[in-house]
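As the structure is a prediction and not an experimental result, all values here were calculated from the model.
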2 protein chains.
Amino acid sequence: MVRSFIEVEPDSHFPIQNLPYGVFRPRQGGLPRIGVAIGNYVLDLAALDRADCFDKTAVSGKAVFARPSLNAFMAMGRPVWSELRATIGRLLDAEEPTLRDNEKLRTAALHLQSEVEMLLPAEIGDYTDFYASKAHATHVGIMFRGKENALMPNWLHLPVGYHGRASSVVISGTEVRRPHGQMKPPDSAVPVFGPSRQLDFELEMGWLIGTGNEQGLPIPIEEAEDHIFGLVLVNDWSTRDIQAWEYQPLGPFLGKNFATSISPWVVPLEALAPFRVPAPKQEPDPLPYLRQKKSGSFDIQLEVYLQSEALERQERIAATNYSYLYWTIAQQIAHHTVGGCNLQPGDLLASGTISGLVKESRGCMLELTWRGTEPLRMSNGEERIWLADGDRLTMTGWCQGDGYKVGFGEVTGRVLPALGLT
Amino acid sequence: MVRSFIEVEPDSHFPIQNLPYGVFRPRQGGLPRIGVAIGNYVLDLAALDRADCFDKTAVSGKAVFARPSLNAFMAMGRPVWSELRATIGRLLDAEEPTLRDNEKLRTAALHLQSEVEMLLPAEIGDYTDFYASKAHATHVGIMFRGKENALMPNWLHLPVGYHGRASSVVISGTEVRRPHGQMKPPDSAVPVFGPSRQLDFELEMGWLIGTGNEQGLPIPIEEAEDHIFGLVLVNDWSTRDIQAWEYQPLGPFLGKNFATSISPWVVPLEALAPFRVPAPKQEPDPLPYLRQKKSGSFDIQLEVYLQSEALERQERIAATNYSYLYWTIAQQIAHHTVGGCNLQPGDLLASGTISGLVKESRGCMLELTWRGTEPLRMSNGEERIWLADGDRLTMTGWCQGDGYKVGFGEVTGRVLPALGLT
């Protein structure tokens, strides 16, 4: 197994097999720039670039890493990403002296993760959210429409999705304020206005588009994965009361657009290759433009933790797996573009809530508490139907290799009480 | 009445009372930059800025006009927009010699509109589409759900809206390719894939956000208009067959995201002040956060023209008025942000299809032909239920002053046949 000269704990999410990209700023000062996570460190690609470490690559002279977003690098395409990944892997290899034996360069290029602030990895032009988990769509359907009509007639034929709000996507760690909104309680004849009483999380994974497509020209399914730069964890915060009242007939709006949190490290698709698995069998067969030949899913373990203000440490409330998703990333991209819609570097696409069939594998409070009828009980006796002010919600995910993990770090956020609006 | 030293025909959309902003590039070469329309000319603000015409204003030394988008200028806020508008009005005034008597400056700063290419006026971060016409929502409701349930229960309580696709917003003149997609014809047991057979336009107006709000901090309704830079015409191209099959439960997606066309000249809110009118009476009274004290609508006449390949000139197929809209711009902005969603400079918000009660005032083919049951008949005997390949669709709009118009120019686009997908 390849090893780095940098010490990496076996439980670390960031061994040399991962090498995820992110945008960071040293806490002691300096401009935002691009780095790669390795163990407890961030490797500063802008510093390596200045030291001519990428001299013979396609990024040479383009200063793509001394920037506050990955967009310029993303736009360069898969052959360049692969070349850089190989180059960075070599520089970090235990057998390679260039960085290992150059103390000055090591000092300039390695920052402790605890000493940097992570920023949004990309300028996100558009954010699209899918609804790709059959268990999630079925559970929600049963709760709101009954068992007979749980899945909408279109659900097995196309990856249902909608446009989300790009401006309110925030980086992990950002506190999320409980939103006000309009809702109609069942016992009220008219709608009321106030802070949402049904604040929820949604456990999702997202992928950032590297290279886009020209408007009017669809991306064929077998080319779809070439457009993906990498994956992140997504918490698509939701307010169920606001959503329930507003969503007919045009879909979720204020119920979702107050905040969406993402994890800072973008795990390249190449790092996930050893963990590729087939998606669940699709029945009926999708239309030809959605038929994917190769295995389109990944074995990514996902967990959700809640820590209330009264709890000393966070407690796990859900554990599920990315591979439960019915529709693959490639299918979602092929569908998104089949009418000519153009994707652009930095666009965020997300899976929708990821749920499995057993209770603990459900990816949101709505399902975990079955619309409030089965409260979650924490170790100190506290109960939760929805999220309370002060709660910290954290999601994590990783692929388990033989003696190493390819991980996503975490996406975390704490709930702030609603503003005192007059 | 104030007049410019530049000759302006009484029917022109661009007298000195208008002064809309746009981004243009001279056809003979040069970088994109910002201009103002006056009669048949474009006044080059970058050239005026270089000639120190804005020396005593807030934009001095900031080079905000030598840019390919209005975003930097938009972000400066209403006091700066007002100051610039007054300064430009003075420079163009018939009594003011600075530009009038300086032939060298006139030559540098005035381009014939026929000799420039217009570009998108802003980098649009997010695009939101509302559903603000009661007649439109009622007509659609009757067609799809019957007369009893025409309006959804939420419609009279909040301005229903959803997130559209920002990347596929294009400038007037861009040709629009008929999209492929999945749909389920009534006589088919399973969905089919192919070019849409129900391509439609939607007559809308849009407003571009000037200054945004911080995430988590709503914009109160009485401040909402201060955030609006100006208005444009919008054609939100739609495919009714794709939309009907996909939209449950998360709203329109591929049925809309292949293209949205906007007019190039952004008419400042200040230019519309003389044409302010009250919005229709709202019954029931909206919740306090949606109550607007001042008249929130505008008397803007709107027309739609269709020209098929066989027709020698375009023919009018609809005429309506902006003032028919039930929800005002300020109400839509207050609602959009009440949960904390952040708007940003350059964001596009649109009204949704604008329809009135009489047949000719309906703003899309779906309503004009009553879902295909009442075809439109053109003067040469051609009939239309939906748009055909080769059709050119043009929308125009203006406010009628006493001896002058404050106009929006037009938004136009021709339908290209679907790609031959394999």
Flag the one option from [options] with the top tally of heavy-atom pairs under 4.5 Å to chain A.
options: B:Pro179, B:Gly164, B:Gly181; answer: B:Gly164
options: B:Glu246, B:Gln215, B:Met152, B:Arg177; answer: B:Gln215
options: B:Arg165, B:Gln248, B:Gln182; answer: B:Arg165

Using heavy-atom distances under 4.5 Å, tell me whether [X] contacts chain A through its side chain, its backbone, both, or neither.
X: B:Val170; result: side chain
X: B:Leu250; result: both
X: B:Tyr289; result: side chain
X: B:Leu343; result: both
X: B:Ala259; result: both
X: B:Pro288; result: neither

Looking at chain B, which one of [options] has the largest number of heavy-atom pairs inside 4.5 Å, strictly under?
options: A:Val160, A:Thr337, A:Asp129; answer: A:Val160
options: A:Pro284, A:Ala166, A:Pro195; answer: A:Ala166
options: A:Pro252, A:Gly216, A:Pro220, A:Gly161; answer: A:Gly161

Centroid separation B:Tyr162 to A:His163 less than 6.0 Å: no

Check for me whether the distance between the ring centres of A:Trp327 and A:His335 falls short of 6.0 Å. no

With the side chain counted from C-beta on, respond yes when [X] and [Y] share a heavy-atom pair under 4.5 Å apart, and no when they do not.
X: B:Lys184; Y: A:His157; result: no
X: B:Phe193; Y: A:Leu158; result: no
X: B:Thr128; Y: B:Asp347; result: no

Would you please classify the geometry between the B:His136 ring and the B:Tyr131 ring as parallel, tilted or perpendicular, with 30° and 60° separating the classes? perpendicular

For a side-chain hydrogen bond (donor to acceptor under 3.5 Å, both in side chains) check, start with the C-alpha distance between B:Ser167 and A:Gln344, then their side-chain angles and the critical distance, and finish with the verdict. CA-CA 8 Å; B:Ser167 73; A:Gln344 296 182 320; 4.9 Å; no

Any luck finding a side-chain donor-acceptor pair between A:Ser168 and A:Asn257 under 3.5 Å?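 No, no side-chain donor-acceptor pair sits under 3.5 Å.
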
